[in-house]
2 protein chains.
Amino acid sequence: MESKIFQSFLGEKGLKLTKERIAVLKEVFSSHEHFEPEELYLRIKDSGSKASRASVYRTLNLLVESGLVEKVTRTEKSNVYEHTFGHSHHDHMICNGCGKIIEFYSEKLEALQNEICRGNGFIGKTHTLEIRGNCEKCIKAK
Amino acid sequence: MESKIFQSFLGEKGLKLTKERIAVLKEVFSSHEHFEPEELYLRIKDSGSKASRASVYRTLNLLVESGLVEKVTRTEKSNVYEHTFGHSHHDHMICNGCGKIIEFYSEKLEALQNEICRGNGFIGKTHTLEIRGNCEKCIKAK
DNA sequence: ATTTAATTGATATTAAATCTCAATTTCAAT
DNA sequence: ATTGAAATTGAGATTTAATATCAATTAAAT
């Protein structure tokens, strides 16, 4: 099923379904665990298929683009920091169009998160919530 | 005020308050914008103070440890992926003690996030919520 | 089967972050 | 204020993830 989706994604973009891309896709969907590119590369090797590191990285980007795979941790080119002392906690909305960052805070949201943690026997210390989408300006611009 | 806190943090660890660390701290708290290490390094240079890249990186780690600064994007050593097709959306709790990852989903939470987005004229497409803290086992182990 | 454009892989490159270590600086104890 | 031990600094080397290069190969439409 996911291979059908990937195939039509590639088709629409004029890209080809190669042995290597199939090998990556297969290995990615062989388990539901989180994984890192290097680890995936080794697993593919062990499984008897083959795809170079370069192809693994390239295919992962395609899989994310197709929506079949997501990055669990959204990394930018480098780490991003902010000073927090003297400022209350807040979360972020980031516009995919223009990069605008909206900071927001919701008492209700914090309370709900704590409640969910409690339900899992978990004590939350910190959290980051990042919502990606489109801001008002960019919505209108379309 | 933040310098007092940093000073006592350093004191407790037997570390010293140096010109370079002061310069980094000052620049970090000179604005409320998000920043990257390289950018901070250049700003310090421009401001007439001086601290090497190495010191900027080292001091940032100390500031995070002290709680005065936070990473906006939590990066691991490398990107972490998961396949999502065939699995409903979920968020993550990550235990600081043992690294255990708990996946959870809450209809209520999703609804509340959408409501908050609407209130900001924002249309959320995707989001990542990562709660860091301690799992049941690690709490008991203490 | 042929052709054309995409793909591959080995290697080079880039870039963020950390490490090394001799020279310097901090700061507590005099 | 001086001293001395331990921490810190900076320049450059190193590490590591990820991307770029490019000749050889391969997919797939005709």
Side-chain angles (χ1 to χ4, degrees), chain A residues 3-4 6-28 34-45 47-66 69-81, chain B residues 3-4 6-28 34-45 47-66 69-81:
Chain A
S3 63
K4 287 274 177 216
F6 193 42
Q7 195 162 9
S8 67
F9 166 81
L10 292 174
E12 278 167 31
K13 302 203 67 166
L15 304 179
K16 293 168 182 174
L17 187 64
T18 65
K19 298 193 244 333
E20 290 81 1
R21 285 176 180 163
I22 292 169
V24 172
L25 180 71
K26 210 173 140 190
E27 195 60 42
V28 164
H34 297 172
F35 61 90
E36 296 175 14
E38 177 69 14
E39 177 203 336
L40 185 68
Y41 165 71
L42 294 174
R43 276 167 47 197
I44 290 169
K45 229 172 156 184
S47 80
S49 308
K50 66 199 192 60
S52 67
R53 275 192 184 81
S55 287
V56 169
Y57 277 104
R58 285 187 285 230
T59 305
L60 277 175
N61 285 335
L62 289 172
L63 286 169
V64 169
E65 208 186 324
S66 77
V69 168
E70 279 182 21
K71 275 191 191 177
V72 172
T73 52
R74 309 291 178 91
T75 59
E76 308 296 319
K77 273 189 188 170
S78 67
N79 288 335
V80 178
Y81 297 84
Chain B
S3 63
K4 285 275 177 216
F6 193 43
Q7 195 161 11
S8 66
F9 166 80
L10 292 173
E12 278 168 29
K13 302 203 66 164
L15 303 179
K16 292 167 182 174
L17 187 66
T18 64
K19 296 195 245 326
E20 289 82 1
R21 285 175 180 163
I22 292 169
V24 173
L25 179 71
K26 209 173 141 191
E27 196 59 41
V28 164
H34 297 172
F35 61 90
E36 296 176 14
E38 177 69 14
E39 178 203 335
L40 185 68
Y41 164 70
L42 294 174
R43 275 168 46 197
I44 289 168
K45 229 172 154 184
S47 79
S49 307
K50 66 197 191 63
S52 65
R53 277 192 183 79
S55 287
V56 170
Y57 277 103
R58 285 186 286 230
T59 304
L60 276 175
N61 285 335
L62 290 172
L63 286 170
V64 169
E65 208 187 325
S66 76
V69 168
E70 279 183 21
K71 274 191 191 177
V72 172
T73 53
R74 309 292 178 90
T75 60
E76 307 296 319
K77 274 191 189 169
S78 66
N79 288 335
V80 176
Y81 296 86

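Just so we're on the same page: letters track the sequence lines, and every chain starts at 1. Predicted, not measured: the structure shown is a model, and the values here were computed from it.
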Rounding to the nearest 10°, end axes of the helix from C:dA1-D:dT30 to C:dT30-D:dA1 built from five pairs each make an angle of 40°
Value in whole Å for how far the [atom2] atom of [N] lies from [atom1] of [X]:
| X | N | atom1 | atom2 | answer |
| --- | --- | --- | --- | --- |
| B:K50 | D:dT8 | NZ | P | 17 Å |
| A:E36 | D:dA18 | CD | P | 8 Å |
| A:L42 | D:dA17 | CG | C1' | 14 Å |
| B:F6 | C:dT26 | CZ | P | 15 Å |
| A:L10 | D:dA27 | CG | C1' | 12 Å |
| B:I22 | D:dT9 | CD1 | C1' | 14 Å |
| B:Y41 | D:dT9 | OH | C1' | 13 Å |
| B:R53 | D:dG12 | CZ | P | 11 Å |

Return the minimal non-hydrogen interatomic distance between [X] and [Y], and the atom names on each side.
| X | Y | value |
| --- | --- | --- |
| B:Y57 | B:P37 | CE2-CB, 3.6 Å |
| A:K50 | A:E20 | O-CG, 3.7 Å |
| B:A51 | B:V24 | CB-CG2, 4.4 Å |
| A:L10 | A:K16 | CD1-O, 3.7 Å |

Of all pairs that satisfy salt bridge (charged side-chain N to carboxylate O under 4.0 Å, His left out), the ones with a partner from residues 53-66 of chain A, not counting sequence neighbours: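 Found A:K13-A:E65, A:E38-A:R53.
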Mind listing the N/O atom pairs, protein and nucleotides 28-30 of chain D, below 3.5 Å?
{"unit_1": "D:dA28", "atom_1": "OP1", "unit_2": "A:L17", "atom_2": "N", "d": "3.2"}

Applying side-chain contact (heavy atoms from CB on, under 4.5 Å) to B:R43 and B:L40, what does each step give before you reach the verdict? CA-CA 5 Å; B:R43 275 168 46 197; B:L40 185 68; 4.3 Å; yes
In Å and rounded to the nearest 0.5 Å, what is the [atom1] to [atom2] distance from [X] to [Y]?
| X | Y | atom1 | atom2 | value |
| --- | --- | --- | --- | --- |
| B:S66 | B:L15 | OG | CG | 11.0 Å |
| A:Y41 | A:S55 | OH | OG | 10.0 Å |
| B:F9 | B:L63 | CZ | CG | 8.5 Å |

Pairwise N/O distances under 3.5 Å, protein to nucleotides 12-14 of chain C:
none

Examine [N]: is either OP1 or OP2 under 4.0 Å from a nitrogen or oxygen in the side chain of [X]? Give yes or no.
| X | N | result |
| --- | --- | --- |
| B:N61 | C:dT18 | yes |
| A:Y57 | D:dA18 | yes |
| A:K19 | D:dA27 | yes |
| B:R21 | D:dT8 | yes |

Are [X] and [Y] close enough that some pair of their side-chain heavy atoms sits under 4.5 Å apart?
| X | Y | value |
| --- | --- | --- |
| A:T59 | A:F6 | yes |
| B:V56 | B:E27 | no |
| B:L60 | B:F35 | yes |

Under 3.5 Å, which protein N or O atoms sit close to an N or O of nucleotides 20-24 of chain C? Give each pair with its distance.
none

Tell me every residue that passes side-chain hydrogen bond (donor to acceptor under 3.5 Å, both in side chains) with B:Q7, counting only those two or more places apart in sequence or in another chain.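 Testing B:Q7 for side-chain hydrogen bond (donor to acceptor under 3.5 Å, both in side chains), a comparison that skips the adjacent residues, returns none.
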